[in-house]
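Reading through the structure tokens given below for one structure.
Ligands are counted one by one from 1 in listed order, and the atoms in each one are counted from 1 as well. No experiment lies behind these values; they were computed from the predicted model shown. By convention here, the first residue in the shown sequence is residue 1.
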Amino acid sequence: MSYCSSMFQPMQHVIVKHPKQAFISQEHLSKQWKVFNYVEEPNLEEAISEYHNFLHILEQHVPHVEFLPQSSSVGLDSLYAHDPVKFTHAGAILLKSGKKARQPEVEVYREFLIERGIPIIGELQGDAVADGGDLVWLDDRTLAVGLGYRTNAEAIQQLKEMTAPYVDEFIVVQLPHDRGVEECLHLMSLISIVDHDLAVVYSPLMPVFFRNLLIERGFRLLEVTKEEYERLGSNVLALAPRICLVVAGNPLIKQQLVDAGATVFEYKGEEISYKGTGGPTCLTCPVVRINN
Ligand SMILES: CN(C)C(=N)NCCC[C@H](N)C(=O)O
């Protein structure tokens with residue numbers, strides 16, 4: 001069995017978490033949204049309705065969708081199932097979030113993966129911190145890792161050693177300070193790969209060397225505007241090559257994707273994406289994508 005080491009191959013198996021299990025109740029949201037640095041308090045009923053539509057699209061394309069359980073040890077951000085682990089060709093690496101309030105999430109994942117017999121190939125140790133949102137497969141032998149507030153140099157060293165058998169090129173990408181340590185900025189906030197030759201990017205926050213490297217590798221870059229970056233327009237989930245899922249309200253990038261030959265699905269993501277700064281890639285943890 002080969003696990004996920006791609007951002008765009010057809011998704012076969014994905015782990016998600018339902019907002020009922022992550023947000024729990026409106027009372028809980030009222031107490032917790034500031035603790036987790038959300039833009040505003042999400043409305044639970046609306047969040048459930050948005051998630052229903054999101055899931056409908058996901059289930060039409062992905063044969064195996066699994067749900068993380070509710071747990072009193074984790075908070076609102078557990079909705080963003082992408083971050084506590086990263087899949088490689090051989091199985092999952094357990095991470096430790098650079099956001100302290102998210103660190104307990106990995107224990108729920110450990111149990112979940114063990115129960116299902118999904119292999120865990122490694123785990124960050126000591127002071128190392130990293131979020132799944134900072135690890136991007138450029139192809140199945142090339143891993144780009146963002147070095148910023150969520151992923152530190154110690155984690156990068158450990159990840160490099162752990163992934164050595166499966167990775168020919170390990171690229172470290174310096175992330176900017178931008179709005180500071182409290183805000184969520186992952187490498188995946190700046191790039192979404194939607195096919196072997198197509199990526200959505202927000203270039204103003206990207207180092208020149210990385211942008212040039214993407215072009216040299218044959219990626220055509222679709223540029224997101226500042227306004228659409230703020231609305232998570234650069235966070236595009238590929239369900240399969242050029243089959244994309246975006247947060248509604250990003251017409252410019254949607255049109256660019258369509259013009260580049262992509263099929264684009266959209267979901268309303270005010271409560272489940274915008275308010276918690278987590279787009280469709282953040283809501284999903286792909287376990288298996290078939291290598292075509
Ligand atoms: C894959 N990407 C970019 C993400 N997972 N981002 C979402 C994380 C949002 C959460 N409120 C946080 O602060 O961690």
Can you see whether Tyr274 has Arg231 sitting over its ring - NZ or CZ less than 6.0 Å from the centre and within 45° of the normal? yes
Could you establish whether Glu183 and ligand 1 come within less than 4.0 Å of each other, counting only heavy atoms on the residue side? no
Short version for Asp131: what comes under 4.0 Å of ligand 1, heavy atoms counted, is neither
Quick check on contacts: which atoms of ligand 1 are under 4.0 angstrom from a heavy atom of Asn235? 3 (C)
Of all the atoms in ligand 1, which lie at a distance below 4.0 Å from a heavy atom belonging to Gly276? 9 (C), 10 (C), 11 (N)
Ring centre gap for His56 and Tyr267 strictly below 6.0 Å: no
Numbering the atoms of ligand 1 from 1, which are under 4.0 Å from a heavy atom of Asp77? 10 (C), 11 (N), 12 (C), 13 (O), 14 (O)
So, Ser2 versus His89: side-chain donor-acceptor pair below 3.5 Å or not? yes
Charged N to carboxylate O below 4.0 Å: is that the case for Asp195 and Arg242? yes
Do any nitrogen or oxygen atoms of Tyr80 come within less than 3.5 Å of a nitrogen or oxygen of ligand 1? no
Polar side chain donor-acceptor pair, Gln12 to His64, under 3.5 angstrom: no
Check each atom of ligand 1 against the heavy atoms of Met188 and keep those under 4.0 Å away; list them by number with element. 1 (C), 3 (C)
Closest approach of any protein heavy atom to atom 3 (C) of ligand 1, naming residue and atom: Cys282 SG, 3.1 Å
Ligand 1 contact on Cys184 by region, counting heavy-atom pairs under 4.0 Å: side chain
Would Arg116 pass as a cation-pi partner of Phe112, given that its NZ or CZ must be under 6.0 Å from the six-membered ring centre and within 45 degrees of the axis? yes
For ligand 1, note which part of Asp83 has a heavy atom under 4.0 Å away: side chain, backbone, both or neither. side chain
A student checking ligand 1 against Lys99 at a 4.0 Å heavy-atom cut-off should list atoms 11 (N), 12 (C), 13 (O)
Okay, side chain of Ser234, backbone of Ser189: is any donor-acceptor separation there less than 3.5 Å? yes
From His18 atom NE2 to Phe54 atom CZ, the distance as rounded to the nearest 0.5 Å: 11.0 Å
When you measure from the side chain of Asp77 to the backbone N and O of Arg102, does any donor-acceptor pair fall under 3.5 Å? no
Answer yes or no: does an N/O atom from Thr281 fall short of 3.5 Å to an N/O atom of ligand 1? no
Check: Ser189 N/O within less than 3.5 Å of ligand 1 N/O: no
More than 12 heavy atoms of other residues, nucleotides or ligands under 6.0 Å from CD of Glu111: is that the case? no
Contacting atoms of ligand 1, where contact means under 4.0 angstrom from a heavy atom of Arg150: 12 (C), 13 (O), 14 (O)
When only distance counts, is His82 in polar contact with ligand 1, meaning an N/O pair under 3.5 Å? no
Can you list the atoms of ligand 1 that are under 4.0 Å from a heavy atom of Gly278? 7 (C)
